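Reading through the structure tokens given below for one structure.
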Amino acid sequence: MKRAHTIASLGTLVQLRSLDVDRLQADLSSQEATRVRYQNNLARLDALAAGSGATGAMPPALALNCGAYKQNVLALADLHRTDLALHEANMAVAQRKLADAWTRRELLGKVLEQQQQHLARERDRVVRKREDEIATQSWMAGRTA
């Protein structure tokens with residue numbers, strides 16, 4: 001009975017580890033979507049910076065305004081690149097956590113499987129022993145009759 005209780009507990013632990021893995025996978029998917037948004041925004045900012053600037057003869061005030069706009073867009077793109085790099089570092093940490101959680105779940109699953117096999121073997125032994133006892137009693141009864 002103790003082994004059956006252990007198996008039930010291990011089964012619960014495996015389920016909890018699976019939930020943890022699922023949660024970490026969902027979190028990583030969300031982070032991937034955020035990373036894609038960062039990259040798309042960077043592409044748009046780069047296009048804005050490339051499309052802005054002085055073209056042809058402009059009054060000095062307008063040229064200064066265009067230059068300041070382009071500098072601000074480039075500064076914003078640099079900040080965005082820094083944020084993206086930090087986000088990717090966080091994603092790397094999340095990926096390691098996911099790999100660790102998956103490994104823990106797999107190891108517990110293997111332990112659970114081994115315990116189930118041990119229990120099945122024990123039950124088979126009990127059944128065989130009972131069958132042997134019945135066969136012995138039957139043979140003894142046939143001998144005395």
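The structure displayed is predicted, hence computed values, not measured ones.
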Test item: Leu28 and Gln31 side chains (from C-beta on) under 4.5 Å apart, heavy atoms: yes
Residue pairs involving residues 116-129 (criterion side-chain hydrogen bond (donor to acceptor under 3.5 Å, both in side chains); sequence neighbours excluded): Arg3-Glu122, His118-Arg121
Distance, nearest 0.5 Å, that separates CG of Leu13 from CZ of Arg105: 13.5 Å
Do you reckon Leu84 sits in the same ILVMFWY cluster as Met91, going by side-chain contacts under 4.5 Å, direct or chained? no
What distance separates Asn41 CG from Thr34 OG1, expressed to the nearest 0.5 Å? 10.5 Å
Sorted by chain and residue number, the salt bridge (charged side-chain N to carboxylate O under 4.0 Å, His left out) partners of Arg44 (sequence neighbours excluded) come out as none
Show the numbers, then the answer: is there a side-chain contact (heavy atoms from CB on, under 4.5 Å) between Tyr69 and Leu48? CA-CA 10 Å; Tyr69 172 78; Leu48 276 175; 3.6 Å; yes
Does Asp132 offer a backbone N or O that forms a donor-acceptor pair with the side chain of Thr136 under 3.5 Å? yes
side-chain hydrogen bond (donor to acceptor under 3.5 Å, both in side chains): which pairs involve residues 16-26, sequence neighbours left out? Asp20-Arg23
d(Leu108 CG, Leu10 CG) to nearest 0.5 Å is 6.5 Å
Measure the CG-OH distance between Leu45 and Tyr38 for me, rounded to the nearest 0.5 Å. 12.0 Å
Same hydrophobic cluster for Leu119 and Leu112, using side-chain heavy-atom links shorter than 4.5 Å among ILVMFWY? yes
On a heavy-atom basis, the closest approach of Ala77 and Asp46 is CB-OD1, 4.2 Å
To the nearest 0.5 Å, how far apart are CD in Glu88 and CZ in Arg81? 12.0 Å
Flag for Gln39-Arg35: side-chain donor and acceptor within less than 3.5 Å: yes
Determine, step by step, whether Leu98 and Gln95 satisfy the side-chain contact (heavy atoms from CB on, under 4.5 Å) criterion, reporting the C-alpha distance in whole Å, the side-chain angles of both residues, the deciding distance to 0.1 Å, and the verdict. CA-CA 5 Å; Leu98 175 61; Gln95 286 172 336; 5.6 Å; no
Distance (rounded to the nearest 0.5 Å) between Gln115 CD and His5 NE2: 12.5 Å
If you look at every heavy atom in Leu74 and Ala49, which pair is closest and at what distance? CD2-CB, 3.6 Å
